[in-house]
Amino acid sequence: MTDEKRVSFITGANRGIGFETALQLAKQNITVMIGARTAAEAAATAEKLRSQGLAADFVKFDAESRGDIQACCDFISNKYGKLDILINNAGVLLDEDNASVDHSNNTVASTPELLKKTFEINFFSVVELTQKLLPLILKSKAGRIVNVSSILGSLALHADPQGGLYDSKYFCYDTSKAALNSFTIHLAHALKDTHVKVNSAHPGWVKTQMGGASATMTAVDGAKTSVKLALLNKDGPSGKFYHLDDELPW
Ligand SMILES: NC(=O)c1ccc[n+]([C@@H]2O[C@H](COP(=O)([O-])OP(=O)(O)OC[C@H]3O[C@@H](n4cnc5c(N)ncnc54)[C@H](OP(=O)(O)O)[C@@H]3O)[C@@H](O)[C@H]2O)c1
């Protein structure tokens, strides 16, 4: 067994679940690359980890910038030549920004602009970043890709009148996470004959800027599903949707 240090890249790692995920992976002796929308935020976050004796690097990553996606790949390629763990964590829930819509179901009122912006950040950028990083992930001895989704992306639960999600429908967010889940399934199939595992994570309802103060879980616990899927051994699942130890329905 080689003691070669693993390298991970976590998007949206400057705060919330992403920061906790980076911290927990770094404590496992994994180099964590902090992705944040500004270089200053990314650098400050990496410094916070380094000041605790942890191995942290940083790169500017704005999901809405095609240039950033390419620059991230070039940076990781030139500096590390491989990527062991990719956590597609950055995400937005923009439906609540429009105060005039009915939050129990805003499907009819959602604007094309809100839908496109949500999909750009939560889905299209994830697909492009992952595709571009794949050659580096394939160079890892045990590549792991975690798509940070949400239970709100579950079509099965949304369609079930008895399910707890039936009456809470954030159209843009829910459909973007359902698309992300579909990406997980398709990519896992494409990589089924490789050592790379791809899974979707539902962190839980977590106290962050997105989750709000009423959420039931801390960010420390909210990071645990992503960390668990990032550290799967070779017999672990691929193409699945998890919250902690529970497999969720698509
Ligand atoms: N909190 C929950 O209850 C919950 C539940 C289910 C799923 N999730 C998922 O968990 C993930 C993390 O959420 P969170 O609760 O930690 O949210 P958060 O505290 O709002 O953090 C979101 C992170 O995403 C980054 N981000 C937003 N837009 C971006 C963009 N265009 N490019 C790059 N980064 C961007 C933010 O950066 P800035 O600081 O620059 O804004 C921030 O780092 C998301 O994918 C979310 O959908 C959360």
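Each ligand, and each atom within it, is numbered from 1 in the order the structure gives. Positions are given from 1, in the same order as the sequence printed here. These values consider heavy atoms only, across backbone and side chains, with no hydrogens, waters or symmetry-generated copies.
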Ligand 1 and [X], any nitrogen or oxygen pair closer than 3.5 angstrom?
{"X": "P203", "value": "no"}
{"X": "H202", "value": "no"}
{"X": "G12", "value": "yes"}
{"X": "S150", "value": "no"}

Should you measure from each heavy atom of [X], which atoms of ligand 1 turn up under 4.0 Å away?
{"X": "Q209", "result": "19 (O), 20 (O)"}
{"X": "G16", "result": "16 (O), 19 (O)"}
{"X": "W205", "result": "3 (O)"}

Open item on the list: Under 4.0 Å between a side-chain nitrogen and a carboxylate oxygen: does that hold for K82 and D84?
Closed with: yes
- [ ] Run the salt-bridge test on K117 and E113 with the 4.0 Å N-O cut-off and return the result as yes or no.
- [x] no
What protein heavy atom sits nearest [atom], and how far away is it?
{"atom": "atom 47 (O) of ligand 1", "value": "Y173 OH, 2.6 Å"}
{"atom": "atom 22 (C) of ligand 1", "value": "G91 O, 3.8 Å"}
{"atom": "atom 18 (P) of ligand 1", "value": "R15 NH1, 3.2 Å"}
{"atom": "atom 43 (O) of ligand 1", "value": "N14 OD1, 2.7 Å"}
{"atom": "atom 31 (N) of ligand 1", "value": "D62 OD1, 3.3 Å"}
{"atom": "atom 28 (N) of ligand 1", "value": "V92 CG1, 3.5 Å"}
{"atom": "atom 38 (P) of ligand 1", "value": "R37 NH2, 3.4 Å"}
{"atom": "atom 11 (C) of ligand 1", "value": "N89 O, 3.2 Å"}

- [ ] Please work out whether the ring planes of F119 and F124 are parallel, tilted or perpendicular, with thresholds of 30° and 60°.
- [x] tilted
Work out whether the distance between some heavy atom of [X] and some atom of ligand 1 is less than 4.0 Å.
{"X": "T11", "result": "no"}
{"X": "A219", "result": "no"}
{"X": "S149", "result": "yes"}

So which bit of [X] gets within less than 4.0 Å of ligand 1, heavy atoms only: side chain, backbone, both or neither?
{"X": "A63", "answer": "both"}
{"X": "K177", "answer": "side chain"}
{"X": "F19", "answer": "neither"}
{"X": "L152", "answer": "neither"}

Run down the list [options] and name the one with the heavy atom closest to [atom].
{"atom": "atom 13 (O) of ligand 1", "options": "V148, I17, I121", "value": "I17"}
{"atom": "atom 46 (C) of ligand 1", "options": "M210, M217, E41", "value": "M210"}
{"atom": "atom 4 (C) of ligand 1", "options": "G204, A90, A215", "value": "G204"}

Pair [X]-[Y], side-chain donor/acceptor within less than 3.5 Å:
{"X": "S200", "Y": "S149", "value": "no"}
{"X": "T107", "Y": "N105", "value": "yes"}
{"X": "N29", "Y": "K5", "value": "yes"}
{"X": "N89", "Y": "T21", "value": "no"}

TODO: Taking the side chain as every heavy atom from C-beta outward, state whether W250 and T184 have any atom pair closer than 4.5 Å.
DONE: yes
Could you check whether any side-chain N or O of [X] sits under 3.5 Å from a backbone N or O of [Y], counting only pairs where one atom can act as donor and the other as acceptor?
{"X": "T11", "Y": "A90", "value": "yes"}
{"X": "R6", "Y": "I85", "value": "no"}
{"X": "N199", "Y": "P237", "value": "yes"}
{"X": "K197", "Y": "K234", "value": "yes"}

- [ ] State which residue, out of I34, V32, L129, fulfils the side chain to side chain contact (heavy atoms under 4.5 Å, CB included) condition with F9.
- [x] L129
Task: Steps toward salt bridge (Lys or Arg N to Asp or Glu O under 4.0 Å) verdict (K132, E128) - done: CA-CA 6 Å; K132 289 211 161 110; E128 186 174 344; 2.9 Å; yes
TODO: In sequence, state the C-alpha distance, the side-chain angles, and the governing distance for T225 and V146, and then conclude on side-chain contact (heavy atoms from CB on, under 4.5 Å).
DONE: CA-CA 9 Å; T225 306; V146 181; over 6 Å; no
